Amino acid sequence: DTATTEIYTLSLHDALPILTAPGNITLDAQEISDSGTWADDLTLAANVASSAGNIFLYAGDDILQNSGTVSTQGGTITATAAKGDNDNSGAFTQTVGTSFTSTGGNITVSAYGNAAIADLDASGTPNGNVYVTSSNGAITDAGDTNIDITANAAVLSALTGIGYDSTATPKDNALDTAVTYLAAQNIGTTPSGNINITNTGALTLEDAHTIDSTVYTPLWNYSVKNAASGGSINISAASPLTVTDDVLAAGDITLRSEER
């Protein structure tokens, strides 16, 4: 195996220039004790590309993709904001026009705060899956220019909404997907948040474990759930829209299949 691993440890506020490697790439803006400053950020300012490996992006606080593309030819892309968190801070933010492209590898994004998605593309032969988790915030649409998630399946988990931003006007702005399978959960009870997803193409709502055989803790036992008080679920897709596991919400549930 001739693949190599390139490891970069970045200082605070480092803006990454263009970087290419034949093997794995790891970029790590490490967490320090800086509560009140929250400056352990990884800022991507240009392209990051691996021709044959995986890409790992870590930040003690925020991951900010301000420009460029993060890409690999069939490897995985993992972005973890708030890695080693000790100050309850760490968001993931893509600016409109930026993207992650894996050419069929899985893409995993996790954050303590909001995860603002512009373009996560796992399409390939076959397509990979996209996983997005916000443990203390929402998964939001960073802009209406592109499909936000392209994949075989999307597994989405948030605390305060999906396709919903309590600080925006309007608050409801559907996450735009092009996936075959979807599992989504909003686990926070207060404050309330909605789940809004618009899919291009046919869609099957399915338990996350069924999608990838992962044993989730706790088990989902549903395809879509909104635990928020009064929280709604609004999902639209091209025909057919197939439901294989429970869809649960305290508020309204709207599932719409359209001829497109």
Side-chain angles (χ1 to χ4, degrees), residues 94 96-97 99-102 104 106-107 109 115-134 138-158 160-166 168-187 192-212 220-228 230-260:
Q94 288 185 303
V96 173
S99 64
F100 284 11
T101 304
S102 65
N106 291 344
I107 298 174
V109 171
I117 308 303
D119 189 356
L120 304 178
D121 186 350
S123 60
T125 308
N127 294 336
N129 296 336
V130 169
Y131 302 85
V132 183
T133 300
S134 170
I139 301 171
T140 66
D141 185 343
D144 292 322
T145 302
N146 298 314
I147 297 293
D148 302 309
I149 296 175
T150 305
N152 170 62
V155 178
L156 311 176
S157 179
T160 62
I162 299 173
Y164 178 92
D165 185 351
S166 63
T169 302
K171 296 178 181 180
D172 292 297
N173 183 12
L175 204 65
D176 301 306
T177 61
V179 301
T180 303
Y181 302 96
L182 172 69
Q185 63 176 3
N186 184 53
I187 62 176
S192 63
N194 299 327
I195 296 177
N196 300 295
I197 297 170
T198 300
N199 192 69
T200 297
L203 179 64
T204 297
L205 306 182
E206 196 161 71
D207 188 302
H209 173 72
T210 305
I211 288 173
D212 61 14
W220 284 40
N221 294 321
Y222 48 78
S223 57
V224 182
K225 180 179 180 179
N226 192 349
S232 65
I233 295 173
N234 300 279
I235 298 174
S236 67
S239 181
L241 173 57
T242 304
V243 179
T244 63
D245 294 283
D246 291 346
V247 177
L248 308 171
D252 294 338
I253 297 174
T254 304
L255 305 178
R256 187 169 63 252
S257 175
E258 302 173 342
E259 293 292 343
R260 301 178 187 171

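In what follows, residues are counted from 1 in the order of the sequence shown. What you see is a predicted model; the values in this text were computed from it and never measured.
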Close side-chain approach of I117 to I139, heavy-atom, < 4.5 Å: yes
Any donor-acceptor N or O pair under 3.5 Å, side chains Y164, N186: no
Residue pair I162 / Q185: nearest heavy atoms and the distance that separates them: CD1-O, 3.5 Å
Gap separating the CG atom of L175 from the CG atom of N173, nearest 0.5 angstrom: 8.5 Å
Minimum heavy-atom distance between A151 and V130, given as atom pair plus value: CB-CG2, 3.7 Å
Value rounded to 0.5 Å, distance of CD1 in I147 from OG in S123: 11.5 Å
Backbone of D176 reached by a side-chain donor or acceptor of D148 within 3.5 Å: yes
CG on D121 to OG on S99, rounded to 0.5 Å: 7.5 Å
From CA spacing to verdict: side chain to side chain donor-acceptor pair (under 3.5 Å), N152, T180: CA-CA 5 Å; N152 170 62; T180 303; 4.5 Å; no
Distance in Å, D165 CG paired with T160 OG1, rounded so as to fall on 0.5 Å steps: 8.0 Å
Y131 OH to D212 CG distance, which is reported to the nearest 0.5 Å: 3.5 Å
Minimum heavy-atom distance between A184 and W220, given as atom pair plus value: N-CZ3, 3.5 Å
Check against side chain to side chain donor-acceptor pair (under 3.5 Å), S232 and N194: CA-CA 5 Å; S232 65; N194 299 327; 3.2 Å; yes
Nearest heavy atoms of N146 and A118, plus distance in Å: CB-O, 4.1 Å
G193 backbone acceptor or donor facing N226 side chain under 3.5 Å: yes
For A158 against A138, the heavy-atom pair lying closest together: CB-CA, 4.2 Å
Distance-only donor-acceptor check, side chains N199 and T177, under 3.5 Å: yes
Polar side-chain atom of E258 near backbone of S236 as donor-acceptor pair, under 3.5 Å: no
Under 3.5 Å, which donor-acceptor pairs link side chains of residues 240-255 to any protein atom two or more places apart or in another chain?
| from | atom 1 | to | atom 2 | distance (Å) |
| --- | --- | --- | --- | --- |
| T244 | OG1 | L205 | O | 2.9 |
| D245 | OD2 | D207 | N | 3.0 |

Residue that, paired with I197, satisfies side-chain contact (heavy atoms from CB on, under 4.5 Å) out of L203, D141, I149, L156: L156
Minimum heavy-atom distance S239-S257, with the two atoms named: CA-OG, 3.1 Å
Under 3.5 Å: donor-acceptor pair, side chain of N196, backbone of G163: yes
Backbone of N106 reached by a side-chain donor or acceptor of N129 within 3.5 Å: no
Qualifying residues under ring-ring contact (aromatic ring centres under 6.0 Å, His included), relative to F100, sequence neighbours excluded: F92
